[in-house]
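Everything on this sheet refers to the single structure shown next.
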2 protein chains.
Amino acid sequence: MKMQAFTVENIPLIKEGDDIASIICENTTIEDNDIVVIASTIVAKAEGRMFRLEDIIPGERALTIASKHNLDARFVQAVLDRSKEVLVDYPIFLVETHNGHVCIKAGIDESNVDVGYLADLPSNPDESTSRIGEAIEQITGKKISVILTDTNGRAFKIGQTGIAIGVYRIHPIKNWKGQKDLFGNTLEITEEAIADEIAGAANLLMGEGDGGYPVVIIRGLELRSEESSIQEIYRSDREDIIKKGLRCLSKV
Amino acid sequence: MKMQAFTVENIPLIKEGDDIASIICENTTIEDNDIVVIASTIVAKAEGRMFRLEDIIPGERALTIASKHNLDARFVQAVLDRSKEVLVDYPIFLVETHNGHVCIKAGIDESNVDVGYLADLPSNPDESTSRIGEAIEQITGKKISVILTDTNGRAFKIGQTGIAIGVYRIHPIKNWKGQKDLFGNTLEITEEAIADEIAGAANLLMGEGDGGYPVVIIRGLELRSEESSIQEIYRSDREDIIKKGLRCLSKV
């Protein structure tokens, strides 16, 4: 089995209103079963999901957290506005967003945007992803998948990896349940988080900062599905012992 | 930028004493800067790190945990023997191994081994990885990196991804600190967990069970380093709020 991954060259600096699907199709040839991996920051820019701190008035809770954290209280307010729950506010500011995504600072991006502006995660990542996917399919006549990505840290280990925050026509989890292993034993669990693995692979080529390539094509896998959603990946509260642990800390 | 990933075909069923480096070199052509990604199970087999439950006598603690968990107490004892700390025992059995690696059931593998046997993680993964890496370099005359992988779950999201448990000549973290972004802003954090991203990419091709390919080559990246260690990746206890949260639960 083999797989190729390559950056789409010559993507211009994206601004509000830009048609990302067209820009991608103008700069590369798309094939059936391609997985188009797109960094969420350019989608945020195209969708105009930028905002400024000076437009925000912090409330009581934001002021409290800001002083503990040595953060700008308006920034904290922006995070709170985008969060369903604050899991821990110090020494990391980890929240669950309205989409069910757990990340630092609600995924608000301070880098790669004009000074004074901040970029949001898309409010409905699957929807943003699908819109671009359908447009690419319409332009090219090919059947593809799309993954929208961000970079996140993780428990127990330092460093960040590319991860999936929205999907089009690819299930975030590939289910190996019930299949046999090499010795005929039934595989115990094995739900493979393929969308995150693909996002990580793409991030190796995307780079950060100056040399950034926000669009990567992954070719050679056959993972296209019918409808899919990033919601398939989020653990229910009931099963989430790590959330329980963090909530335990705030009660102490 | 581009990257290829491909499975090494015709790797035979590995048994104790097998020379994995030679077997790999006999079945593929290695190039400079290749990253050879190897599933830890075959290294465990070659190193003879297999054991049987019937050889284990469970202690008090193992018996207690086993009854809560509905697990075999001998299996629980095997996990305890390999662990520095039990972070949580129910509903998941999450431990920190003596290597500092946090995973379910100390990474003991019940699949892809003969019935009645279990496979261990290597006791010193960097050492196992380096031994194979140096052997490949000696055989081929090429300069390469090697990553030893396992599959692990993660916090907040379901599913497992390929992750790095040992490295040879590749830093698990690529440091982007101090570099500028597209607008000249200094990048805030950004330590990219490249070894885990590569492990995840390889896992997309490795498969699980019957169709498994335990060795994947990643080609096209220039990430070879001088000496490196997987220890670079583990978060110190002092910084680890998630561990604190789990410990909080056991005090309640």
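All heavy atoms count here, side chains included; hydrogens, waters and symmetry mates do not. Chain letters run A, B, ... following the sequence lines, proteins first and then strands; every chain starts at 1.
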So which bits of residues 82-90 of chain B come within less than 4.5 Å of chain A, counting non-hydrogen atoms only? B:Leu87, B:Val88, B:Tyr90
Go through the atoms of A:Ile233 and report whether side chain, backbone, both or neither lie under 4.5 Å from a heavy atom of chain B. both
Check for a donor-acceptor pair, side chain of B:Thr7 on one end and backbone N or O of A:Met1 on the other, with a separation under 3.5 Å. yes
Output the distance between atom CD1 (A:Ile92) and atom CD1 (B:Ile242), rounded to the nearest 0.5 Å. 5.5 Å
Is there side-chain contact between B:Leu204 and A:Glu192, with heavy atoms separated by less than 4.5 Å? yes
Residues A:Ala193 and B:Thr161: closest non-hydrogen pair is CB-CG2, 3.7 Å
Would you call A:Leu205 and B:Leu221 a side-chain contact if the rule is heavy atoms closer than 4.5 Å? yes
In terms of heavy-atom proximity below 4.5 Å to chain A, should B:Ile194 be classed as side chain, backbone, both, or neither? both
Top contributor to chain B contacts, counting heavy-atom pairs under 4.5 Å, from A:Gly200, A:Ala155, A:Gly100, A:Gly162: A:Gly200
Find out whether A:Leu94 and B:Phe156 are in side-chain contact, i.e. whether some heavy atom of one side chain is under 4.5 Å from a heavy atom of the other. yes
What part of B:Glu9 is in contact with chain A, defined as an atom under 4.5 angstrom from a non-hydrogen atom: side chain, backbone, both or neither? side chain
Residues forming a salt bridge (charged side-chain N to carboxylate O under 4.0 Å, His left out) with A:Arg235, sequence neighbours excluded: none
Using the salt bridge (charged side-chain N to carboxylate O under 4.0 Å, His left out) criterion, which residues pair with A:Glu16? Sequence neighbours excluded. none
At what distance, to the nearest 0.5 angstrom, does CZ of A:Arg219 lie from NZ of B:Lys2? 10.5 Å
Point-to-point distance, once rounded to the nearest 0.5 Å, from CE of B:Met3 to CD of A:Gln4: 10.5 Å
Rounding to 0.5 Å, atoms CD (A:Glu197) and OG1 (B:Thr151) come to a distance of 9.0 Å
Structural part of A:Ile158 lying under 4.5 Å from a heavy atom of chain B: both
Sequence neighbours left out, what passes side-chain hydrogen bond (donor to acceptor under 3.5 Å, both in side chains) with B:Asp196? Give chain and number order. A:Arg154, A:Lys157
Chain A heavy atoms under 4.5 Å from B:Ile241: which part of the residue, side chain, backbone, both or neither? both
What's the shortest heavy-atom distance between B:Ala201 and A:Ala201, and which atoms? CB-CB, 3.6 Å
Below 4.5 Å from any heavy atom of chain B, which atoms of A:Ile218 appear? Answer side chain, backbone, both or neither. neither
